[in-house]
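Report on the following structure.
Counting starts at 1 for both ligands and their atoms, following the listed order.
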Amino acid sequence: MNPITAPDTIAAIATGSVLAAIGVVRVSGPDTLAILDRVFRPQQGAPMSRRPDRKLVLGRLFDAEGAVLDVCLATVSRGPNSYTGEDTAELQCHGSPTVLRQALLSLFAAGARQAKAGEFTRRAFLNGRLDLTQAEAVIDLIDAETPRIAQNAAAQLDGAITRRTDTVYDGLTAICSHYHAVLDYPDEDIEPFALAQYRAVLAESAAELSRLLDTFRRGSLMKNGVACVLLGRPNAGKSSLLNALLGYDRAIVTELPGTTRDTIEEKAVVGGVLLRLTDTAGLRATDDPVERLGVERAQDAAHAASLALVLLDGSEPLGPEDDAVLSAAQSAEHVLILRTKADLPPAAWTRADAIPVSSRTGEGLAALEAAVAALYPPDEAVPAGQTLTNPRQADAVARALDYLRAAMDAMDEGVFPDAVLTEIEGALTALGELTGRVVREDITNGIFARFCVGK
Ligand code: GDP
């Protein structure tokens, strides 16, 4: 959308496309109230355009021919105190996809048009209701796969990143303003500009950005999931454990060794940690070329994994294949050893480091969850919302940090202040891109394209 031309009025279904009790259709733009009055009539009293904001009103929703589509609730929020900053309305209909689609068509007939993906939030951004880190937090909150990610995103929606980087931004702006004031108004009685007096501000700003950037490694692990491979000889119980962790039958489980020839990837939340689980073909010397391919993939997966779960069949004696599995696992960053089939009579071997589990009865799964949670603990020192999870944001912070380090180096080398100032202005631009103070059309387009329609 071009912010210079007057915006039109947009509408979209905001809720999912499955059957539900309630579904929400939202409208935003200058003609919202007039359009709503054309399609919705309250059971009693004045039309919505003459009613106060944020009150739910029961009424009838009509199609373009005047037939009743639904008996539902409507509410309005006039700009600028609304999500988008424009006049907005929401219809809370019965959640049939058909009813919602009809409601939308009725709004189109009354003058609205279909909103594009992310267009509501884009308008909120253009109207200064949200900055870019908050807009991205909206996506993260909708996509959150664990409570920890949701909590971090909610705090970022509340402005956690912005508050932190704004302090840095304001400090750097003060340096530039002072410099330009002295330069542009030499006759005024302004305190002379001595760059050295700002050395501490630059150092503290760099330290602050560096602390923020340090959270990104953990943040991307938290958001994208920990690569975790299930390793074990054929029939050790890998597919069964995968299914137990996922809570449904994803992998094919059979009693024939070597069934899982391909690798399977699934996400599961284990001990509050998002795991990207890869089930592998059993690691075993084999003459079957198809199966051999699977074994190679298993070794590759172990190499790429952060966590290897090694499954040793607790109902069978240990053999050389288990040793091969244990040694392949060593290339992962962390290894947890599981003694599977704990519900069966145990074979005569012991290993103090093995966690007994049974995919059949669920025994030991809580201990496995606790062990995974202990390997990837949340950083208690970093409050919710202060963990960077977004590569675009991390890149902007890293660039700002590079500029600040260059500014300090230049200062230490004793170059002219304007060269130092150029670096500081580079840092300001990078921080501006982080929050959207500096609007770059390509960046904003990329961000809002990731939204779903209706948000
Ligand atoms: P994979 O080859 O390592 O993937 O092993 P599977 O998960 O396919 O399991 C091999 C066999 O062991 C199947 O017959 C499973 O039903 C059985 N099995 C797996 N886990 C358990 C368990 O916890 N208890 C019992 N009793 N049998 C299990």
Side-chain angles (χ1 to χ4, degrees), residues 227-268 270-271 275-305 307-332 334-372:
C228 172
V229 62
L230 296 169
L231 297 175
R233 70 182 194 211
N235 258 9
K238 297 178 295 299
S239 307
S240 304
L241 181 69
L242 181 71
N243 290 339
L245 293 176
L246 293 173
Y248 67 99
D249 283 358
R250 167 67 175 83
I252 309 153
V253 182
T254 68
E255 286 172 28
L256 297 173
T259 313
T260 313
R261 287 183 165 173
D262 213 334
T263 53
I264 296 176
E265 264 206 40
E266 285 287 355
K267 282 184 182 175
V270 178
L275 297 184
R276 282 188 287 115
L277 291 160
T278 313
D279 185 9
T280 58
L283 282 179
R284 193 175 67 136
T286 171
D287 294 331
D288 176 339
V290 180
E291 203 174 77
R292 196 169 334 114
L293 190 69
V295 172
E296 280 163 17
R297 283 199 199 152
Q299 269 155 346
D300 291 347
H303 205 72
L307 173 63
L309 298 180
V310 175
L311 285 77
L312 304 175
D313 189 334
S315 67
E316 297 280 338
L318 292 181
E321 290 169 318
D322 296 299
D323 295 334
V325 170
L326 281 163
S327 79
Q330 297 313 313
S331 34
H334 300 290
V335 181
L336 288 176
I337 297 167
L338 307 178
R339 182 183 177 121
T340 61
K341 311 187 191 180
D343 57 297
L344 295 180
W349 58 267
T350 53
R351 262 193 89 115
D353 58 355
I355 304 168
V357 294
S358 165
S359 304
R360 190 153 291 177
T361 64
E363 177 193 338
L365 293 183
L368 170 58
E369 299 229 6
V372 173

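- The stretch residues 352-369 participates, sequence neighbours left out, in these salt bridge (charged side-chain N to carboxylate O under 4.0 Å, His left out) pairs: R351-D353.
- Short contacts between ligand 1 and K238, defined as distances under 4.0 Å to a heavy atom of the residue, involve ligand atoms 1 (P), 2 (O), 3 (O), 4 (O), 5 (O), 7 (O).
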V335/L326 under side-chain contact (heavy atoms from CB on, under 4.5 Å): CA gap, chis, key distance, verdict: CA-CA 9 Å; V335 181; L326 281 163; 5.7 Å; no
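- Ranked by closest heavy atom to atom 9 (O) of ligand 1, the top entry among P234, G232, S358, S240 is S240.
- The G237 neighbourhood of ligand 1 comprises atoms 1 (P), 3 (O), 5 (O), 6 (P), 7 (O), 9 (O), 19 (C), with distances under 4.0 Å to a heavy atom of that residue.
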Please report the C-alpha distance between L245 and L275 in whole Å, then the side-chain angles of each, then the deciding distance to 0.1 Å, and finally whether the side-chain contact (heavy atoms from CB on, under 4.5 Å) criterion is met. CA-CA 10 Å; L245 293 176; L275 297 184; 5.5 Å; no
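- The heavy atom nearest to atom 11 (C) of ligand 1, out of those in N235, L231, V357, is found in N235.
- Contacts between D343 and ligand 1, counted as non-hydrogen atom pairs separated by less than 4.0 Å, involve the side chain only.
- Listed by number with element, the atoms of ligand 1 under 4.0 angstrom from any heavy atom of L344 are 26 (N).
- R276 contributes atom CZ, which lies 12.0 Å from atom CG of L307 (distance to the nearest 0.5 angstrom).
- The side chain to side chain donor-acceptor pair (under 3.5 Å) contacts involving residues 335-345 comprise D313-K341, D343-S358, where partners must be two or more places apart or lie in separate chains.
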